[in-house]
Amino acid sequence: MKILVAVKRVVDYNVKVRAKADGTGADTANAKMSINPFCEIAVEEAVRLKEKGVATEIVAISIGAKQSQEQIRTALALGADRGILVETDTDLEPLAVAKCLKAIVDKETPDLVILGKQSIDGDNNQTGQMLGALAGMPQGTFASEVNVAEGKVKVTREIDGGLQTVALNLPAIVTTDLRLNEPRYASLPNIMKAKKKPLETVTPADLGVDTATRVKLLKVAPPAERQAGIKVADVAELVEKLKNEAKVI
Amino acid sequence: MPMRDSIRLPNPYQTDTHQQWRASLRKFVDSHITPFVDDWEEAGTLPPSLWQDAANVGLLQLGYPEALGGISAGTDLHHMIIAAEELAACGAGGVYASLMVHGIALPPIVHYGSEALKQRIVPSVLAGEQHISLAITEPGGGSDVAQLTTQARREGDHYIVNGSKTLITGGLRANWFTTAVRTGEAGVNGLSLLLINANLEGVSRTPLSKKQGWWCSDTATLYFDNVVVPCDHLIGQENSGFLPIVHNFNNERLALTASALEAARVCFEDAWCWANERNTFGKPLIKHQVIGHKFAEMLRQINATQGYLDSCAWQITQGISKPSDVALLKVQATQTLEFCAREALQILGGAGYLRGCRAERIYREVRVNAIGGGSEEIMRDLAWRQLMASNA
Ligand SMILES: Cc1cc2nc3c(=O)[nH]c(=O)nc-3n(C[C@H](O)[C@H](O)[C@H](O)COP(=O)(O)OP(=O)(O)OC[C@H]3O[C@@H](n4cnc5c(N)ncnc54)[C@H](O)[C@@H]3O)c2cc1C
Ligand SMILES: Cc1cc2nc3c(=O)[nH]c(=O)nc-3n(C[C@H](O)[C@H](O)[C@H](O)COP(=O)(O)OP(=O)(O)OC[C@H]3O[C@@H](n4cnc5c(N)ncnc54)[C@H](O)[C@@H]3O)c2cc1C
């Protein structure tokens, strides 16, 4: 069984991102970049399926600038077998990303595609679902448990009310939630071996994907600074403040 | 981003596998080391399982020949520097000192040992199954290696060893000692390196447990009382022991520098966090110019040390390094550490006097950095003599 895993290059979760002074975006120049944490969970899940003997090949795909190779190499060091970079310098919207992935799904015909439920930069939470629609594949999103057996994948989903389990026919799409697994770290020999694994580069044009943007960004601004809290002496004062200052009751 | 990363200068010699190695090691240290360091320090030892864990991530094997169980293909000095830095970030220098002590004891065997010795010792040490320490220093002195007195007298196929070694890191845990002994005349030309099995009759050891720092790193005094060691345990040639002893100095000093430098960054980081939270005289400490300038001065010294380290590492990879440069690099690093530990603790005020913060522990580790692996005075002495010799 072949698994496709999508990995996105994002600003590292430790970096405090600031808005650019002119409001045209976030200032990410020189910021440390990493693999999106949800994508890392996706890679880990694929590697575990391979270790269990369920999967035979894992292909890691990243769509983005040339430097996204680094994130593919990370996935290769964690256990993916080969990589595909869809190289573009444009910041793609989820629909364009999903179209690129759809083109690769057509070519690679995987049994399972695992993606993060969202990436921590845009927090869109759309790509997996859009890919499902475009490819006509069933989807199990926000997975906290994944089991593959007898041509089906059973996905336990984290939903508002608790947990929901769905069974999907393969090929299928899974997006990962935080509690699905704890990603491993790559050992030094695996980091070195990853350098020798194949990494192919294509462009959205090669895949016949139109990457035109459909959403217009108006302005990026930091959230209003929070006021320091105050202490109230008693309930009467609390009620008074809620009524007259906060005006919420 | 952690402060110690924010203040790390960009490094042109570190590329993709270096970044990945740092990221992996950081996860390893965060999950397997940092949460337990306080307990290990109080216990005065490290758990045996740590060696297994370190072998699993590839740490113990880094830089050793693949044929002996090492990992060297594609690696360079910067992978080693990163290992020293990331381990130092746990805030207890004793972890690196003990866990990686084979880094000083094993290279003589790898480079000068017989094939049989290599096969017997190296793979099992790199797998974390056996332990090896380096025994040079004696109660009578450490700096003046040429004068050491532990005797190895040849009798047929054996050496009979008598004498004592002290301040030996990992000495209680070690299965083997790479031991400097006197086999001939007085001075450097009578020294040999001998591999001694810790289980041999006549070998005994006592712990040196009341140390200023490095508590989790066990340290021992060793006694050799008519110990019978087979001649084929000689490392290199008889009476040519000085060469294998000094062979590894460049790498060792580079690793010590990287450890000390990262410890200085940790001091900076701990003090920075505190100075942003702590208010005195109506504003955060960091807003007092006197305190702010302390950070500027710490950073100046940290940056200078990193630039110097990167230059020496490059020289070594090019095969053009001068031992005097590397010796003085170690002085630069430990003086930077001494300064940053002092300033950090000053900024932390009374809180920094209490155990439980990394900077307080690092403050107690300044001296072992400045004395062990070649003291500051000896490093300057070496550089001065080389300057005179090469410019005579
Ligand atoms: C925690 C710890 C762990 C250690 N681990 C090991 C180990 O694993 N293996 C091992 O073999 N050793 C180990 N050592 C010993 C260490 O290498 C020695 O302490 C060091 O070499 C200095 O030797 P010494 O202590 O005998 O001091 P001495 O040689 O007696 O020197 C005392 C002081 O005088 C200075 N000095 C000496 N000669 C001169 C000179 N000519 N000019 C100017 N100043 C001079 C020195 O710089 C030093 O400041 C360890 C030490 C410590 C503290
Ligand atoms: C072992 C020990 C015993 C003690 N015993 C007692 C005791 O018996 N009774 C008691 O009352 N206290 C005691 N203390 C507390 C001691 O007096 C305080 O630690 C000291 O006054 C510093 O205060 P602080 O620790 O709160 O540091 P902070 O006031 O937070 O200062 C932190 C650092 O910032 C510097 N700093 C502060 N403000 C400024 C500024 N405006 N400009 C420049 N630098 C500034 C300080 O010099 C210090 O280096 C003890 C402390 C210790 C360590």
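The chains referred to below are lettered A, B, ... by the order of the sequence lines, with proteins before strands, and numbering in each begins at 1.
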Measure the spacing between [atom1] of [X] and [atom2] of [Y] and express it to the nearest 0.5 Å.
| X | Y | atom1 | atom2 | value |
| --- | --- | --- | --- | --- |
| B:Asn56 | A:Tyr185 | CG | OH | 7.5 Å |
| A:Ser187 | B:Trp21 | OG | CH2 | 8.0 Å |
| A:Ile191 | B:Ile71 | CD1 | CD1 | 9.5 Å |

What part of B:Asp16 lies closer than 4.5 angstrom to a heavy atom of chain A: side chain, backbone, both or neither? side chain
Need one label for B:Thr75: side chain, backbone, both or neither, based on atoms under 4.5 Å from any heavy atom in chain A. both
Greater than 12 external heavy atoms within 6.0 Å of [X]'s [atom1]:
| X | atom1 | result |
| --- | --- | --- |
| A:Asp91 | CG | no |
| A:Glu182 | CD | no |
| A:Asp234 | CG | yes |
| B:Tyr13 | OH | yes |
| B:Lys287 | NZ | no |

Show the numbers, then the answer: is there a side chain to side chain contact (heavy atoms under 4.5 Å, CB included) between A:Arg73 and B:Gln20? CA-CA 9 Å; A:Arg73 290 280 174 217; B:Gln20 286 171 13; 3.2 Å; yes
For chain A, the option from B:Gly58, B:Ser24, B:Ser6 that forms the most heavy-atom pairs under 4.5 Å: B:Ser24
Considering non-hydrogen atoms only, spot the tightest contact between B:Ala73 and A:Met192 and give its length. O-CG, 3.6 Å
Which heavy atom of B:Val57 sits nearest to which heavy atom of A:Pro189, and what is that distance? O-CD, 4.3 Å
Less than 4.5 Å apart, side chain to side chain, heavy atoms only: is that true for A:Leu188 and B:His79? yes
By a 4.5 Å heavy-atom criterion (distance strictly below it), what part of A:Ala186 contacts chain B: side chain, backbone, both, or neither? both
